2 protein chains.
Amino acid sequence: MATHGNPEPDDEACRQVLQILALIGDKWTIQVVGRLGDRTLRFSELHRAITGISQRMLTLTLRQLERDGLVTRTVHPSVPPRVDYTLTALGTTLLDAAVALGEWATTHRHEITDNRRRYDTTHPPRTQS
Amino acid sequence: MATHGNPEPDDEACRQVLQILALIGDKWTIQVVGRLGDRTLRFSELHRAITGISQRMLTLTLRQLERDGLVTRTVHPSVPPRVDYTLTALGTTLLDAAVALGEWATTHRHEITDNRRRYDTTHPPRTQS
DNA sequence: CGGGATCCGCTTCGATACTG
DNA sequence: CAGTATCGAAGCGGATCCCG
């Protein structure tokens with residue numbers, strides 16, 4: 001393991017992993033991947049399927065996923081233009097891992113919500129007193 | 001689980017799950033939880049263990065984890081003051097799930113890195129020339 | 001030693017307008 | 001339909017000072 005502040009190769013791997021984990025926490029990435037889990041969708045279908053996302057964010061999210069090789073972007077030279085997005089094999093493995101985490105969240109969400117309520121009522125706002 | 005885009009009361013659960021997933025993607029949360037995985041640590045130990053984190057961010061991260069019931073905060077009335085942080089049972093289950101995702105990231109990080117390089121060299125910068 | 005309060009730059013994101 | 005370009009608002013995070 002990295003012992004001192006030396007930029008060892010280990011350290012870089014850590015940053016890479018952290019960077020990939022950030023994908024999961026991204027507000028939209030998981031929702032897009034989840035929608036593409038069972039079938040191919042076109043841009044407008046994704047846009048309608050995901051409540052509250054803007055075209056800008058959908059574009060940026062898809063671009064990043066394409067860059068990472070998690071989704072495939074297929075442009076059909078037709079009028080009007082049509083672009084299909086599909087999950088790659090790599091993307092599917094990510095979805096599997098994310099689903100596991102989603103199940104954890106689903107299982108414990110009430111517990112966590114209760115903990116928050118209890119904390120908020122127990123601990124007075126610490127600004128002065 | 002919601003299979004298709006119906007705005008059901010299910011929607012709130014979805015937001016809760018998303019909110020919890022955001023914990024994972026948080027820059028510091030996973031690192032803190034990971035450090036507390038095997039043993040109890042005090043504030044200064046965590047601060048030294050996690051490279052680059054500020055006291056502010058460490059405090060905020062720990063506060064949130066305490067609020068969610070993932071870590072326990074123990075204040076020892078001594079001079080100088082000493083505060084210990086420990087993972088709760090719930091926190092341990094999160095760590096397990098996160099580790100699985102971390103292994104996914106570790107396994108595929110080279111693949112993803114390569115995909116990015118390939119994408120960056122293949123796709124020219126789209127800002128018109 | 002373990003934080004709280006404040007200032008402040010930087011990134012992120014939503015809304016809007018425009019293009020092929 | 002599927003984007004791109006730009007602008008402005010909001011939030012995150014770092015640096016600093018101070019207190020129990």
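Proteins come first, then strands; the chains are lettered A, B, ... in the order of their sequence lines, and each starts at number 1. These numbers come from a predicted model, not from an experiment.
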Query raised in the report: Can you tell me if the side-chain N/O atoms of A:S44 get under 4.0 Å from OP1 or OP2 in D:dA2?
Result: yes

Query raised in the report: Under 4.0 angstrom, heavy atoms only, what part of the nucleic acid is B:R42 near: base, sugar-phosphate, or nothing?
Result: sugar-phosphate

Integer-rounded Å distance: [N] [atom2] and [X] [atom1]:
X: B:K27; N: D:dG14; atom1: NZ; atom2: C1'; answer: 10 Å
X: B:L60; N: D:dG11; atom1: CG; atom2: P; answer: 15 Å
X: B:L58; N: C:dG3; atom1: CG; atom2: P; answer: 8 Å
X: B:R56; N: C:dG2; atom1: CZ; atom2: C1'; answer: 16 Å
X: A:R63; N: D:dA5; atom1: CZ; atom2: P; answer: 10 Å
X: B:M57; N: C:dG2; atom1: CE; atom2: P; answer: 18 Å
X: A:H76; N: D:dC1; atom1: NE2; atom2: P; answer: 16 Å
X: B:E45; N: C:dG3; atom1: CD; atom2: P; answer: 13 Å

Query raised in the report: Of the nucleotides D:dT4, D:dA2, D:dG14, which has the atom closest to the A:R73 side chain?
Result: D:dA2

**Report entry** Proximal nucleotide (of C:dG3, C:dC1, D:dA2) relative to the B:T59 side chain
**Finding:** C:dG3

Query raised in the report: Taking the inter-plane angle between the rings of A:H108 and A:W104 on a 0 to 90° scale, is it parallel (under 30°), tilted (30 to 60°) or perpendicular (over 60°)?
Result: tilted

Are the side chains of [Y] and [X] in contact, using a 4.5 Å heavy-atom criterion?
X: A:R116; Y: B:D68; result: yes
X: B:I53; Y: B:H47; result: yes
X: B:Q16; Y: A:I112; result: no

Query - Donor-acceptor pair, side chain of B:T92 and main chain of B:T88, under 3.5 angstrom - result: yes

Query raised in the report: If each of A:P81 and A:G52 is mapped to the nucleotide of DNA chain C with the nearest heavy atom, which maps nearer the 5' terminus, i.e. the 5' end?
Result: A:G52

Query raised in the report: Of A:Q55 and A:D26, whose closest DNA chain C nucleotide lies nearer the 5' terminus?
Result: A:D26

